[in-house]
Amino acid sequence: MACWIWDPPPTSFFVPMMLEQNCLIVQAGDRLVLFDSGMGTKKLFGDDSGQLMANIRAAGFDPAAITDIVLTHAHCDHCWGIMADDGTPNFPNADIHISQADFDFWTDEGKLAAGGFVATFVEGARKNLLPRRDRVFFFADGKEVLPGIQAVSTPGHTIGHTSFVITSGDRSFLNVGDVVHHYALLFKNPQWEFAFDSDPAQAAKTRVKLYEMAVSEKLPMIGYHFPFPGIGNIRRDGGAFRYVPAHYHHG
């Protein structure tokens, strides 16, 4: 997937990069929670999409055992994996949790006339969210979505984008969603603006605020689009920040 990264005027540049999709599964009490659902089988962002269901099973989980899907936002690579191509739910027993602002924006039929990527994203969100409308629940900023999972409003990438603090015992963990897409650019330069943000200026302010929170509270984090497994820590680096990936041990 290639993404535009914008520097403040008058300079801008295009950087091709690989953005992965790290869909987190958490056992929260008696709930088995999936954060974001990928983009299904659609190849809008490249031919490597469509592997989530197989990877969930390879990790030892039955998609039917997922009780909840918690969405950071309703972009294609986060909510298009809710429904299968044949119109049946990939996660038949799951409730869906999303901010009402994002749900309302990305399922708005009136936006289908907008054209471009907005119309495409709205069409896909409607196909994945509206058939499950009776299982959709909205959460409020600062409140628990599910036991041990707290919503943190982080608007800018989308109007209702939300990050989550996940707590077990005395340990907490931050799921940043799409507040930051790639570690190589937006920690050193958090004020840079990203073209896929709905409100790039607000997104930059949100990014700095979330970094400050992660540093002050010493929260490890997972980045949705970071190199697998996307887990690490945010550290101060002079007047900016840096990402320190955690060592990954398989087995």
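What you see is a predicted model, and the numbers here were worked out from it, not measured in a lab.
- A 4.5 Å side-chain heavy-atom check between I159 and D102 finds at least one atom pair inside the cut-off.
- Note on ring orientation: taking the six-membered ring where Trp is involved, the planes of F187 and F226 are perpendicular (angle over 60°, cut-offs 30° and 60°).
- Remark: F91 pairs with no residue by the ring pair (Phe, Tyr, Trp, His ring centres under 6.0 Å) rule, at least two apart or across chains.
- Residues I234 and M221 form a side-chain contact, since some pair of their non-hydrogen atoms from C-beta on lies under 4.5 Å apart.
- In this structure, R133 is positioned above the aromatic face of F103, its NZ or CZ under 6.0 Å from the six-membered ring centre and within 45° of the axis.
- Side-chain contact check for I25 versus V33: every heavy-atom pair is 4.5 Å or farther apart.
- Considering only residues two or more places apart in sequence or on other chains, F241 meets the ring pair (Phe, Tyr, Trp, His ring centres under 6.0 Å) condition with Y211.
- Under the 3.5 Å distance criterion, the side-chain polar atoms of N175 are matched with a main-chain donor or acceptor of G177.
- Side-chain rings of W106 and H75 approach one another, their centers coming within less than 6.0 Å.
- The two residues S172 and V165 make their nearest non-hydrogen contact at CB-CG1, 4.0 Å.
- Side-chain contact between R31 and D95 is present, with heavy atoms from C-beta onward closer than 4.5 Å.
- Under the 4.5 Å side-chain heavy-atom criterion for Ile, Leu, Val, Met, Phe, Trp and Tyr, M53 and I82 are members of the same hydrophobic cluster.
- Residues W80 and L112 share a single hydrophobic cluster, defined by chaining ILVMFWY side chains whose heavy atoms lie under 4.5 Å apart.
- Shortest non-hydrogen contact noted between G160 and A101 is CA-CB, 4.0 Å.
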Quiz item: Do S153 and T162 pass the side chain to side chain donor-acceptor pair (under 3.5 Å) test, and can you show the C-alpha distance, the side-chain angles, and the key distance before you say yes or no?
Solution: CA-CA 5 Å; S153 179; T162 305; 5.5 Å; no
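- Residues H78 and Y224 bring their aromatic ring centres within 6.0 Å.
- A search for salt bridge (charged side-chain N to carboxylate O under 4.0 Å, His left out) contacts involving R57 returns nothing, not counting sequence neighbours.
- Looking only at side-chain heavy atoms (C-beta outward), L32 and F61 come within less than 4.5 Å of each other.
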Practice problem: Apply the test salt bridge (Lys or Arg N to Asp or Glu O under 4.0 Å) to residues D108 and R126: give CA-CA distance (whole Å), side-chain angles for both, the deciding distance (0.1 Å), then the verdict. | Solution: CA-CA 8 Å; D108 179 4; R126 288 172 59 84; over 6 Å; no
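- A continuous path of hydrophobic side-chain contacts links L71 to M83 [ILVMFWY only; heavy atoms under 4.5 Å].
- Counting heavy-atom neighbours within 6.0 Å of K205 NZ, excluding the residue itself, gives a total of 12 or less.
- Residues V180 and H225 have side chains not in contact (no heavy-atom distance under 4.5 Å, counting atoms from C-beta outward).
- Linking Ile, Leu, Val, Met, Phe, Trp and Tyr whenever their side-chain heavy atoms come within less than 4.5 Å puts Y243 and L210 in one cluster.
- A salt bridge does not link R207 to E212: none of the charged nitrogens lies less than 4.0 Å from a carboxylate oxygen.
- With a 4.5 Å cut-off on side-chain heavy atoms, F194 and D178 do not count as touching.
- Taking the side chain as every heavy atom from C-beta outward, Q150 and F164 never approach each other to under 4.5 Å.
- Under the 3.5 Å distance criterion, the side-chain polar atoms of R242 are left unmatched by any main-chain donor or acceptor of D237.
- With hydrophobic clusters built from ILVMFWY side chains whose heavy atoms lie under 4.5 angstrom apart, V145 does not share a cluster with I96.
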